[in-house]
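Just so you know, ligand 1 is whichever comes first in the structure, and atom 1 is the first atom listed for that ligand. On a predicted model such as this, the values are computed, not experimentally measured, just so you know.
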Amino acid sequence: MKKIAFITGATSGFGRAAAKRFAQDGWALVLSGRREERLAALKSELDVPVHTIKLDVRDSDAVAQAVSSLPAEFAEVSLLVNNAGLALAPQGAPDVDLKDWHTMIDTNVTGLVNVTHAMLPTLIRSGRGSSIINVGSIAGSWPYPGSHVYGATKAFVEQFSYNLRCDLQGTGVRVTDIAPGLAETEFTLVRTKGNQDASDNLYSGTEPLSAEDIAEQMFYVATLPEHININRLEVMPTRQAWSPFAIDRD
Ligand SMILES: NC(=O)c1ccc[n+]([C@@H]2O[C@H](COP(=O)([O-])OP(=O)(O)OC[C@H]3O[C@@H](n4cnc5c(N)ncnc54)[C@H](OP(=O)(O)O)[C@@H]3O)[C@@H](O)[C@H]2O)c1
């Protein structure tokens, strides 16, 4: 099987680290994101064939077009990493701008299904040993204040991943939901709309996961023997755990 990976959200964080990790092992890469200059910079760093696509995953027509016009040498993709995503509005639900909820649903849910739908025929053609890695989150399983729609979109990712497994039974295509906990990327900068102090404060004095830690998990999942499917991989830093239930008292 040809080793060609399609990674969404490759301009930053997990996606960029994954591109570097798979490149180390000689995979050819299709890398997408909205920030074209970052894609070009990443391509110039990598020593493997790379096809970059400026792509907003929310635009289903653009996604379908990008997939149907993949150059021949990148057409036989055997790994899709559905990584593009974001959280917005860390404040409580009553104070959130509705647009932020829509943006999270449009990106984390609609965007992810847009890319999956467009890529399924290719992955099924690639068959045994090919994989879809969907990037979920611990927020998809565990509630916390300020997670509202973000956590709900990641719960969708988890259930969609399991349901896909049912429908891909017999094709050899594997599906995994990788659900990271606290990880230092541009995630919090995006969530706080550019508040660098908030981002630095969240990650300081502890040891969050790095983008490379998650890229390594992606590589592990995608390169396991063909008969093994990791359904869900939840990964937290050792220094992160759960809090007690909140109880409202008089
Ligand atoms: N960091 C964490 O603590 C954490 C924990 C659990 C899960 N996650 C999940 O991990 C994934 C990657 O996040 P990250 O932590 O690596 O954050 P990041 O550094 O902000 O990277 C997010 C990536 O998603 C892309 N993206 C966002 N909206 C997009 C859109 N509409 N169309 C195309 N690409 C889009 C961004 O590219 P452009 O802006 O260039 O388009 C960027 O490459 C997300 O799904 C996130 O929810 C993160």
Side-chain angles (χ1 to χ4, degrees), residues 6-21 30-42 52-63 66 80-90 99-100 102-116 118 133-142 144 146-147 149-158 160-161 177-196 198-199 202-203 206-215 217-218 232-237 239-240:
F6 187 146
I7 303 172
T8 67
T11 57
S12 173
F14 302 155
R16 182 167 54 195
K20 292 182 180 175
R21 182 63 188 90
V30 178
L31 303 178
S32 74
R34 292 166 300 176
R35 286 168 290 180
E36 216 169 9
E37 65 298 339
R38 288 204 184 193
L39 291 172
L42 179 57
T52 61
I53 313 172
K54 177 177 158 59
L55 183 64
D56 187 328
V57 293
R58 293 171 294 181
D59 182 343
S60 60
D61 290 342
V63 168
L80 168 62
V81 181
N82 269 321
N83 165 74
L86 80 175
L88 292 170
K99 272 200 289 211
D100 287 343
H102 285 166
T103 301
M104 289 188 276
I105 295 167
D106 293 348
T107 310
N108 302 353
V109 175
T110 308
L112 185 137
V113 305
N114 286 342
V115 180
T116 305
I133 295 177
N134 292 326
V135 180
S137 169
I138 58 168
S141 303
W142 314 109
Y144 61 86
S147 177
V149 162
Y150 177 66
T153 64
K154 295 302 187 178
F156 173 92
V157 172
E158 177 179 353
F160 183 54
S161 303
D177 170 25
I178 292 191
L182 185 76
E184 186 165 7
T185 61
E186 292 178 18
F187 180 78
T188 302
L189 203 58
V190 171
R191 189 175 214 170
T192 59
K193 300 196 170 144
N195 187 338
Q196 187 66 57
S199 179
L202 179 64
Y203 302 120
T206 187
E207 194 175 0
L209 300 169
S210 66
E212 291 71 26
D213 293 331
I214 294 303
Q217 303 303 317
M218 292 174 177
R232 185 165 187 274
L233 190 56
E234 186 175 294
V235 190
M236 277 182 175
R239 294 181 71 182
Q240 179 180 32

Practice prompt. Quick one: look at T107 and ligand 1, take heavy-atom pairs under 4.0 Å, and tell me if it's side chain, backbone, both or neither.
Written response: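 Contact part for T107 vs ligand 1: side chain (C-beta onward).
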Given [options], which has its nearest heavy atom closest to [atom]?
| atom | options | value |
| --- | --- | --- |
| atom 28 (N) of ligand 1 | R34, R16, R191, K54 | R34 |
| atom 14 (P) of ligand 1 | T185, D59, L112 | T185 |
| atom 24 (O) of ligand 1 | A179, A62, G15, G85 | G85 |
| atom 12 (C) of ligand 1 | L31, L42, N83, I53 | N83 |

For [X], counting its heavy atoms only, list the atoms of ligand 1 lying under 4.0 Å from any of them.
| X | value |
| --- | --- |
| E186 | 19 (O), 20 (O) |
| L55 | 32 (N), 33 (C) |
| V135 | 9 (C), 10 (O), 11 (C) |
| G181 | 3 (O), 5 (C) |
| G136 | 6 (C), 7 (C) |
| G13 | 16 (O), 19 (O) |

Backbone or side chain, does any N or O of [X] fall under 3.5 Å from an N or O of ligand 1?
| X | value |
| --- | --- |
| V57 | yes |
| K154 | yes |
| P180 | no |
| G33 | no |

To the nearest 0.5 Å, what is the distance between [atom1] on [X] and [atom2] on [Y]?
| X | Y | atom1 | atom2 | answer |
| --- | --- | --- | --- | --- |
| Y144 | I138 | OH | CD1 | 7.0 Å |
| L189 | N195 | CG | CG | 8.0 Å |
| D177 | N82 | CG | CG | 11.0 Å |
| R21 | Q217 | CZ | CD | 11.0 Å |

Shortest protein contact, [atom] (heavy atom only):
| atom | value |
| --- | --- |
| atom 46 (C) of ligand 1 | Y150 OH, 3.6 Å |
| atom 42 (C) of ligand 1 | T11 OG1, 3.4 Å |
| atom 16 (O) of ligand 1 | F14 N, 2.9 Å |
| atom 2 (C) of ligand 1 | A183 O, 3.6 Å |
| atom 31 (N) of ligand 1 | D56 OD1, 2.9 Å |
| atom 25 (C) of ligand 1 | G9 CA, 3.6 Å |
| atom 19 (O) of ligand 1 | S12 OG, 2.5 Å |
| atom 34 (N) of ligand 1 | A84 CB, 3.5 Å |

Close side-chain approach of [X] and [Y], heavy atoms under 4.5 Å:
| X | Y | value |
| --- | --- | --- |
| I7 | M218 | no |
| T110 | R58 | no |
| D213 | V235 | no |
| L182 | M236 | no |

Worksheet item: With F6, which residues qualify under ring pair (Phe, Tyr, Trp, His ring centres under 6.0 Å), at least two apart?
Response: none
Short side-chain donor-acceptor distance under 3.5 Å, [Y] and [X]:
| X | Y | value |
| --- | --- | --- |
| N108 | T153 | yes |
| T103 | D100 | no |
| S12 | R35 | no |

Discussion item. Please check this pair: side chain of T8 against backbone of N83, looking for a donor-acceptor N/O pair closer than 3.5 Å.
Written reply: yes
Worksheet item: Has the side chain of K154 got a donor or acceptor atom that lies under 3.5 Å from a matching backbone atom of V135?
Response: yes
Worksheet entry | Test item, T8 contacting ligand 1 (heavy atom, 4.0 angstrom) | no
